[in-house]
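Notes for the one structure printed next.
Below, chain A is the first sequence line, B the second, and so on; all start at residue 1. All values derive from a computational prediction rather than experimental measurement.
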Amino acid sequence: DAGVIQSPRHEVTEMGQEVTLRCKPISGHDYLFWYRQTMMRGLELLIYFNNNVPIDDSGMPEDRFSAKMPNASFSTLKIQPSEPRDSAVYFCASSLASGVEAFFGQGTRLTVV
Amino acid sequence: DQQVKQNSPSLSVQEGRISILNCDYTNSMFDYFLWYKKYPAEGPTFLISISSIKDKNEDGRFTVFLNKSAKHLSLHIVPSQPGDSAVYFCAALRMGAQKLVFGQGTRLTINP
């Protein structure tokens with residue numbers, strides 16, 4: 001298995017633009033997570049899905065952020081409109097319901113100028 | 001509300017010596033605790049875990065200790081090697097909720 005795949009690896013966009021981050025989880029995994037890494041807060045959970053259904057989105061910072069999982073092999077995290085403070089590394093991860101550890105993708109480094 | 005805390009942003013250790021990374025938590029309902037390792041430009045990778053019903057788990061050079069009464073866990077790496085230089089994240093999990101709660105991370109540097 002190729003592991004969790006995220007795209008793009010890097011994204012530079014202007015303030016006010018829409019940004020879409022993409023994730024393909026490991027096949028067969030039941031859970032999908034979106035995390036954001038910042039210096040101050042470390043890895044913070046934004047939202048997670050179980051069997052494509054959003055379970056907890058309490059970590060989503062504002063209404064500008066939205067996430068979807070239309071099927072078991074694809075998820076998106078959208079920021080509209082983007083702001084400079086959204087600049088961070090965004091990680092997608094997946095796990096099995098019977099498992100403990102989550103497996104992470106390589107991340108998308110977002111820079112909003 | 002930071003449920004998992006790593007109070008040391010960085011740690012520097014000489015090669016061959018022991019590295020000790022610390023983590024504190026506030027929620028006594030956590031069932032598992034995990035350590036992840038992260039290299040630059042890569043995603044975090046799972047290193048070792050411990051169940052809340054145990055107080056020690058060992059895997060090669062890595063040992064995790066859990067002190068439930070103090071709500072504290074630590075990761076020991078011995079002997080430390082240059083390849084261990086990375087950011088280490090402590091995480092906690094409640095089975096059923098299935099979401100990992102992470103600390104802020106500790107950057108470990110192993111000096112030759």
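- With a 4.5 Å cut-off on non-hydrogen atoms, A/Gln37 touches chain B through its side chain but not through its backbone.
- Annotation: A/Asn71, atom CG; neighbour count of heavy atoms from other residues, nucleotides and ligands within 6.0 Å is above 12.
- When hydrophobic clusters are built by joining Ile, Leu, Val, Met, Phe, Trp and Tyr residues whose side-chain heavy atoms come closer than 4.5 Å, directly or via intermediates, B/Tyr25 is not grouped with B/Tyr32.
- For A/Leu32, no part sits under 4.5 Å from any heavy atom of chain B, backbone or side chain.
- The contact list for residues 40-58 of chain B toward chain A, using heavy atoms and a distance under 4.5 Å, reads B/Ala41, B/Glu42, B/Gly43, B/Pro44, B/Phe46 by residue number.
- Contacts with chain B were tallied for A/Ala93, A/Gly99, A/Ser95; A/Gly99 has the most, counting heavy-atom pairs under 4.5 Å.
- Other residues, nucleotides and ligands contribute more than 12 heavy atoms inside 6.0 Å of the CZ atom of B/Arg61.
- The cluster map of Ile, Leu, Val, Met, Phe, Trp and Tyr, joined by side-chain heavy atoms under 4.5 Å apart, puts A/Phe104 and A/Ile26 in different clusters.
- Neither the backbone nor the side chain of A/Asn50 comes within less than 4.5 Å of any heavy atom of chain B.
- Interface residue A/Arg9: only side-chain heavy atoms are found under 4.5 Å from chain B.
- A continuous path of hydrophobic side-chain contacts links A/Tyr31 to A/Val100 [ILVMFWY only; heavy atoms under 4.5 Å].
- Surrounding CZ of A/Arg64 are more than 12 heavy atoms belonging to other residues, nucleotides or ligands, all under 6.0 Å away.
- Contact residues of residues 94-104 of chain B toward chain A are B/Met95, B/Gly96, B/Ala97, B/Gln98, B/Lys99, B/Leu100, B/Phe102, B/Gly103, B/Gln104 (heavy-atom distance under 4.5 Å).
- Crowding of A/Glu62 atom CD: a count of heavy atoms from other residues, nucleotides or ligands under 6.0 Å exceeding 12.
- Transitive grouping of hydrophobic side chains (ILVMFWY, heavy atoms separated by less than 4.5 Å) brings B/Val4 and B/Leu21 into a common cluster.
- Screening residues 33-76 of chain B for disulfide (SG to SG under 2.5 Å) gives no qualifying pairs among residues at least two apart or on separate chains.
- Identified by a heavy-atom distance below 4.5 Å to chain A, the contributing residues of residues 65-89 of chain B are B/Phe89, in residue-number order.
- A/Leu45 and A/Leu77 fall into different hydrophobic clusters, where Ile, Leu, Val, Met, Phe, Trp and Tyr are joined by side-chain heavy atoms under 4.5 Å apart, directly or via other members.
- At a 4.5 Å heavy-atom cutoff, the contact between A/Ala97 and chain B is made by backbone atoms alone.
- Looking at A/Leu43, both its backbone and its side chain come within 4.5 Å of chain B, counting heavy atoms on both sides.
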